[in-house]
Undergrad: 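Below you will find the structure I want to go over with you.
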Amino acid sequence: MTGLLCLALVLITLGYALGCWIWPFSACRRCHGTGKRRSPFGRAFGLCRRCHGDGRRLRIGRRVINSLRELHDKGTR
């Protein structure tokens, strides 16, 4: 039973890593991918501060992959 649980955990982790490699960006959670934030006192819109108006954020898994790649590149010089 423990072996099956470990295998499932490894498969889920590899699936997430593959997803982060293929689709590195996700929608910004604050603006829901629109890149705009509504003003609190009116109808005006402004750019989202978190994603800078792009509507996309780098996924956490992709940040880990990038930092590991950078660490590997620094270690092999």
Side-chain angles (χ1 to χ4, degrees):
M1 187 68 180
T2 305
L4 188 62
L5 183 64
C6 289
L7 180 64
L9 186 63
V10 167
L11 288 176
I12 290 171
T13 303
L14 289 177
Y16 180 72
L18 181 67
C20 287
W21 183 61
I22 295 172
W23 300 288
F25 294 100
S26 64
C28 177
R29 289 186 298 180
R30 181 172 286 179
C31 67
H32 304 289
T34 62
K36 300 176 186 175
R37 292 292 291 169
R38 185 176 289 272
S39 173
F41 301 112
R43 298 183 195 176
F45 285 97
L47 294 179
C48 177
R49 290 182 184 176
R50 185 172 286 177
C51 66
H52 304 288
D54 190 28
R56 300 181 301 165
R57 298 273 298 170
L58 199 59
R59 295 171 80 177
I60 294 172
R62 186 60 188 212
R63 289 180 195 200
V64 170
I65 291 171
N66 288 347
S67 65
L68 290 175
R69 182 180 295 163
E70 182 181 339
L71 182 66
H72 179 265
D73 288 344
K74 285 182 180 178
T76 57
R77 288 186 183 175

Undergrad: Drop me the distance from T76's OG1 to L71's CG, to the nearest 0.5 angstrom.
TA: 9.5 Å
Undergrad: Could you tell me which non-hydrogen atom of C31 sits nearest to which non-hydrogen atom of C51, and how far apart they are?
TA: SG-SG, 3.7 Å
Undergrad: Is it the case that atom CG in L18 sees more than 12 heavy atoms from other parts of the structure closer than 6.0 Å?
TA: yes
Undergrad: Hey, what do you get for NE2 (H52) to SG (C28), rounding to the nearest 0.5 Å?
TA: 9.5 Å
Undergrad: Between atom CZ of F25 and atom CZ of R59, what is the distance when rounded to the nearest 0.5 Å?
TA: 11.5 Å
Undergrad: Hydrophobic clustering (ILVMFWY, side-chain heavy atoms < 4.5 Å, transitive) - are W21 and W23 grouped together?
TA: yes
Undergrad: Is R49 atom CZ crowded by more than 12 heavy atoms from other residues, nucleotides or ligands, each under 6.0 Å away?
TA: no
Undergrad: Please name the pair of heavy atoms, one in G53 and one in L47, separated by the smallest distance, quoted to 0.1 Å.
TA: CA-CD2, 3.8 Å
Undergrad: Counting C-beta onward and ignoring hydrogens, is there a side-chain heavy-atom pair between R57 and R29 closer than 4.5 Å?
TA: no
Undergrad: With C20 as reference, evaluate I60, I65, L58 under the side-chain contact (heavy atoms from CB on, under 4.5 Å) test and give the passing residue.
TA: I65
Undergrad: Could you grab the distance from atom NZ of K74 to atom CZ of R69, nearest 0.5 Å is fine?
TA: 14.5 Å
Undergrad: Is F45 close to R37 at the side-chain level, that is, under 4.5 Å between some pair of heavy atoms?
TA: no
Undergrad: Is any side-chain heavy atom of N66 less than 4.5 Å from a side-chain heavy atom of E70?
TA: no
Undergrad: Find the distance between CZ (R62) and OG (S26) and round it off to the nearest 0.5 Å.
TA: 12.5 Å
Undergrad: Enter the distance from L5:CG to T2:OG1 here, rounded to the nearest 0.5 Å.
TA: 7.0 Å
